A.B. asks: 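One structure is given below, represented as structure tokens, and several questions about it will come after.
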Amino acid sequence: MKTKNKINIFAIVCATVLGIYALCMFVFAYLTVSTSLKDIFDLNVNPIGLPSIVCFENYAFAYETLVVQVGSSGNARLIYFDTMLLYSVLYSVGCSFVLAVVPCIMAYLTAKYNVWLNKFIYGSVIFAMVFPIVGAGASEMFLMKRLGLYNSILGTWVQSASYLGTYFLVYYGSFKSLSNEYMEAAIIDGASHMKVLLSIVIPLVKTTIFAVFILQFIAHWNNYQTPLLYLPDYPTAAVGLFRSAYSPNQAGTLTENMRMAGCVILCIPILIIFLLFKDIFMGNITVGGIKG
Amino acid sequence: MKKRMKYEKDETFFDKIKKPVSDFFYDLSTKLPRKKKKNTSLKGRRTGELVFYYCLAFLPILHFLIFYVYVNLNSVILAFQEYKFINGEGKFIFSTLQIETVWNNLVYGNEIKELLSHSLIFYAFSLCVITPTALFFSYYIYKKYKFSEFFRVMLFVPTIISSLVVAFMYKFFIDRGVVEICRLFGKEIMPPLSDPSQSFTYILIYILLVSFGGNVIMYSSAMTRIPISVVEYAQIDGVGPVKEFFSMTLPLIYPTLSTFIIVGITGIFTNQANLYALYSDSAPENARTFGYHMFVLLKKVSSSDMSGYPYIAALGVFATIVVVPLTFFVKWVLDKIDPNVQY
């Protein structure tokens, strides 16, 4: 709703503060990009000004130099940035896929089937959200090692395959508002339950599933702490950037201009996804319907 | 004699044998076993439903039982264990040593108390500064004042960029940019994030910058769900923007606000205040939070070192014992002051 709002003190103060905030973001972005385009001498002499010579080769150099050493001293190997990007893609896509699909299926079963287990499933989601349990990280790591899921990308997919969380409730609300007529008509015509799920239900909520997938992909792409803990031998790009900054014994320690170039490279896929799917991020998640 | 029509032909040899042959094969088909009909009875359909349901639900429920129920129970069990080498083999044995260590540290020592005090300061800052500020600016976005769409995008961008990247940008801006700007004005200062006397303030500013955007987006989304008719009635009655905010908007988004406050209680013990991105393992002692300390301990536990798990589990048990009643108490208080407005 856009109203013709009169200019008032409240609006002026808010606009000023938000303007300062936006300016801070622009300054951060400017410093990052300008630093990434400077050579090391220019950076030491002129840390905040524009680059005197624009060095685009910093990006290529950062791409080649960002190296992480993994494994113990007798079994050490070097992981280069392109491999880290591959690990990032595998980790992000796999975890996002399970986090988008598993809550969807469980929410569908809970919303559309009359089984005594529904109360348990729904209750477990609410319990996990309301009842705060802190500090189970040690136990989880212990379990992952015992199950052989530690230090494995497949292990992180299994670890992520939980239906708990707010997305279950989002899907649940969507399925509850969906008419049963679609499914009943298909079953009367002889479709199996799996066919109904795959051919009718999933297409109806595919926008929601895709939105959840995109949001989870971004979260996992940016996440450096979970791969740092559970994937010591499969560093993602974010982990590589972190270790290049804070591990002085790494095979490739980056200077500040290279690190900023690495930051820009890490942000590019996210910014592309944001520009392509801006409506998903800024809009609402809704449910579709069948025509006719 | 009946006149023969033009289309009637004389019977050929094949016409004569066609009927007996088709009768023969029909008789044969009646003797063959038939395809089973689908059991369309109610009981059969219900069985099919249940088989489908349990097949799909089995793995996620197994995952829940293992990765939630067992992990949390095991966390409590680990807290009452100690890793010892017996006959050259490492084993977990029952011991209250870790619980006693945490208790002694809490009562007689300073480490846990300092961690808790820093965590509480960060939480209070979030509750008393960031939340009210975010509410005001959410209202600005919701009312679609000038440049609200632009500000909405600017507020959203830091939430999608990696916290590590934002930390590096901020660190460079503060430790190089601010130092250089001061130098241009003739003042030499130490990089603020490395200066123990100033680092806490700059960390608070950093938290404000990164948390602010996400909060504004959440609250403005909640405000958009307020029916337009309710707002228009108020405007017809001459309600100004400030009165509308306090008397209408806040009560109507109270459920969202209270949910965030309740979830924030757990954050007292889990919030790292982005310290790991800014400092890795070497955050200044006067800024370390409980969540940061737990993460650093967890990181240090190596693949071959099992001995560190019980202490971390004991810290987690202590935190859970404190945060659970606190969460329910805060929920009770918030329910008491709930204006209970519906639309």
Side-chain angles (χ1 to χ4, degrees), chain A residues 1-3 5 8 10-11 14-15 18 21-22 24-25 27-28 31-32 35 47-48 102 105-106 109 113 115 117 124 128 131-143 159 161-164 193-194 218 222 224-225 228-229 238 241-242 245-246 256 259 263 266-267 270 274 281-282, chain B residues 48-50 52-53 56-57 60 63-64 67-68 70-72 74-75 78 136-137 140 143-147 151-152 154 156-158 160-165 168-170 172-173 176-177 180 209 228 241-242 265-266 269-270 276 280 294 298-299 309 312-313 315-317 319-320 323-324 327:
Chain A
M1 171 195 70
K2 190 161 187 164
T3 57
N5 293 303
N8 54 55
F10 169 76
C14 285
L18 284 171
Y21 180 87
C24 288
M25 293 298 124
V27 167
F28 289 167
L31 277 178
T32 304
T35 305
I48 59 174
V102 173
I105 291 175
M106 290 303 280
L109 294 176
Y113 288 84
V115 179
L117 209 50
S124 64
F131 199 87
I133 298 176
V134 179
S139 176
E140 190 166 14
M141 184 173 277
F142 182 69
L143 175 73
Q159 187 188 17
S162 169
Y163 63 86
L164 302 174
H193 291 278
M194 186 58 81
I218 289 177
N222 293 334
Y224 70 98
Q225 293 198 346
L228 197 61
L229 286 178
L241 201 59
F242 175 82
Y246 294 116
E256 268 174 334
R259 196 178 313 140
C263 288
L266 194 65
C267 285
I270 301 305
F274 177 70
F281 295 109
M282 310 301 289
Chain B
E49 256 181 41
L50 290 175
F52 171 74
Y53 182 97
L56 277 193
H63 186 283
F64 166 75
F67 281 89
Y68 186 82
Y70 172 77
V71 162
N72 288 306
N74 192 47
S75 183
L78 263 181
F136 285 126
F137 296 127
Y140 181 93
K143 296 303 276 182
K144 291 185 166 51
Y145 284 116
K146 280 274 184 203
F147 305 119
F151 289 138
R152 203 159 158 246
M154 291 308 301
F156 196 81
V157 169
I160 61 165
I161 290 176
S162 170
S163 60
L164 191 63
V165 171
F168 285 166
M169 289 183 191
Y170 181 75
F172 184 83
F173 173 67
R176 293 292 290 264
E180 181 67 17
L209 287 172
I228 297 168
V242 176
I265 299 288
T266 315
F269 290 93
T270 56
Y276 207 78
S280 182
M294 293 273 284
L298 196 60
K299 180 71 184 70
Y309 289 128
I312 302 170
L315 277 178
V317 166
T320 305
V323 88
V324 166
T327 302

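Values in this document were obtained by computation on a predicted structure and should not be read as measured data. Below, read A as the first sequence line, B as the second, and so on, with proteins coming before strands; counting in each chain starts at 1.
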A.B. asks: Relative to chain B, which of Leu241(A), Leu18(A), Ile48(A), Ile218(A) shows the most heavy atom pairs under 4.5 Å?
C.D. replies: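 The residue among Leu241(A), Leu18(A), Ile48(A), Ile218(A) with the greatest pair count is Leu18(A).
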A.B. asks: Main chain of Ser139(A), side chain of Tyr309(B): is a donor-acceptor contact present, judged purely on distance under 3.5 Å?
C.D. replies: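 Not a single qualifying donor-acceptor pair exists.
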A.B. asks: For Tyr163(A), which atoms come within 4.5 Å of any heavy atom of chain B: side chain, backbone, both, or neither?
C.D. replies: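 Side chain only.
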A.B. asks: Write down the atom of Tyr140(B), the atom of Cys14(A), and the distance for their closest heavy-atom approach.
C.D. replies: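 So the two residues come closest at CD1-CB, 3.4 Å.
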A.B. asks: Can you tell which part of Phe147(B) gets under 4.5 Å to a heavy atom of chain A, answering side chain, backbone, both or neither?
C.D. replies: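 Looking at Phe147(B), nothing touches chain A.
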A.B. asks: Could you tell me which portion of Pro60(B) (side chain, backbone, both or neither) has an atom closer than 4.5 angstrom to a non-hydrogen atom of chain A?
C.D. replies: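 For Pro60(B), backbone and side chain are both near chain A.
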A.B. asks: If you look at every heavy atom in Phe136(B) and Phe10(A), which pair is closest and at what distance?
C.D. replies: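 Answer, listing the atom of Phe136(B) first, then Phe10(A): O-CZ, 3.5 Å.
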A.B. asks: Heavy-atom distances under 4.5 Å only: say whether Cys267(A) touches chain B with side chain, backbone, both or neither.
C.D. replies: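 For Cys267(A), the side chain is the part near chain B, not the backbone.
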A.B. asks: For the residue pair Phe137(B) and Phe151(B), is the inter-centroid distance of their aromatic rings smaller than 6.0 Å?
C.D. replies: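 Distance test on ring centres: not under 6.0 Å, no.
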A.B. asks: Identify which part of Thr327(B) has an atom lying under 4.5 Å from any heavy atom of chain A, answering side chain, backbone, both or neither.
C.D. replies: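 Interface part for Thr327(B): side chain.
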A.B. asks: Which answer fits Leu143(A), side chain, backbone, both or neither, if we ask what part of it has an atom under 4.5 Å from a heavy atom of chain B?
C.D. replies: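 Answer is side chain: those atoms of Leu143(A) sit under 4.5 Å from chain B.
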A.B. asks: Most heavy-atom pairs under 4.5 angstrom with chain A, which of Ile312(B), Leu78(B), Ile161(B)?
C.D. replies: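 Greatest number of close heavy-atom pairs with chain A: Ile161(B).
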A.B. asks: Between chain A and each of Phe67(B), Phe172(B), Tyr170(B), count heavy-atom pairs under 4.5 Å; write down the option with the most.
C.D. replies: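 Answer, by heavy-atom pair count under 4.5 Å with chain A: Phe172(B).
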A.B. asks: Apply salt bridge (charged side-chain N to carboxylate O under 4.0 Å, His left out) to Glu140(A) and list each qualifying residue two or more places apart in sequence or on a separate chain.
C.D. replies: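 By the salt bridge (charged side-chain N to carboxylate O under 4.0 Å, His left out) rule, Glu140(A) matches no residue at all.
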A.B. asks: Under 4.5 Å heavy-atom distance to chain B, tell me which part of Ser162(A) shows up: side chain, backbone, both or neither.
C.D. replies: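 Its backbone and side chain both get close to chain B.
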A.B. asks: Looking at Leu31(A), Leu229(A), Val102(A), Thr32(A), which has the largest count of heavy-atom pairs under 4.5 Å with chain B?
C.D. replies: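 Option with the top pair count is Leu229(A).
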A.B. asks: Test of understanding: with ring-ring contact (aromatic ring centres under 6.0 Å, His included), list the residues that count as partners of Phe242(A), not counting sequence neighbours.
C.D. replies: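 Phe242(A) satisfies ring-ring contact (aromatic ring centres under 6.0 Å, His included) with Tyr224(A), Tyr246(A), Tyr276(B) once adjacent residues are dropped.
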A.B. asks: Please classify the contact between Ile265(B) and chain A as side chain, backbone, both or neither, with a heavy-atom cut-off of under 4.5 Å.
C.D. replies: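 It is neither, since no heavy atom gets under 4.5 Å.
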A.B. asks: Is it the side chain or the backbone of Leu109(A) that comes within 4.5 Å of chain B heavy atoms, both, or neither?
C.D. replies: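 When you check distances to chain B, atoms from both the backbone and side chain of Leu109(A) fall under 4.5 Å.
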A.B. asks: Under 4.5 Å from any heavy atom of chain B, what part of Leu164(A) do you find: side chain, backbone, both or neither?
C.D. replies: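 For Leu164(A), side-chain heavy atoms alone lie under 4.5 Å from chain B.
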A.B. asks: Check each atom of Met106(A) against the heavy atoms of chain B and say whether the ones under 4.5 Å are side chain, backbone, both or neither.
C.D. replies: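 The side chain, not the backbone.
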A.B. asks: Looking at every non-hydrogen atom in both residues, tell me the closest pair between Ser75(B) and Ala136(A) and how far apart they are.
C.D. replies: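 In terms of heavy atoms, the two residues are closest at OG-CA, 3.9 Å.
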A.B. asks: For a quick test of reading the model, state the closest non-hydrogen atom pair linking Pro158(B) to Met25(A) and the distance between them.
C.D. replies: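 Closest heavy-atom pair between Pro158(B) and Met25(A): CG-SD, 3.5 Å.
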A.B. asks: Using non-hydrogen atoms and a 4.5 Å limit, figure out which bit of Leu266(A) sits close to chain B: side chain, backbone, both or neither.
C.D. replies: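 Side chain only.
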A.B. asks: Kindly give the heavy-atom pair with the smallest separation between Ala238(A) and Leu164(B), and that separation in Å.
C.D. replies: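 Taking every non-hydrogen atom into account, O-CD2, 3.2 Å.
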A.B. asks: Check Phe156(B) against Phe274(A) and note the closest heavy-atom contact, atom names and distance.
C.D. replies: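 Scanning both residues completely, I find the closest heavy atoms to be CD2-CE1, 3.5 Å.
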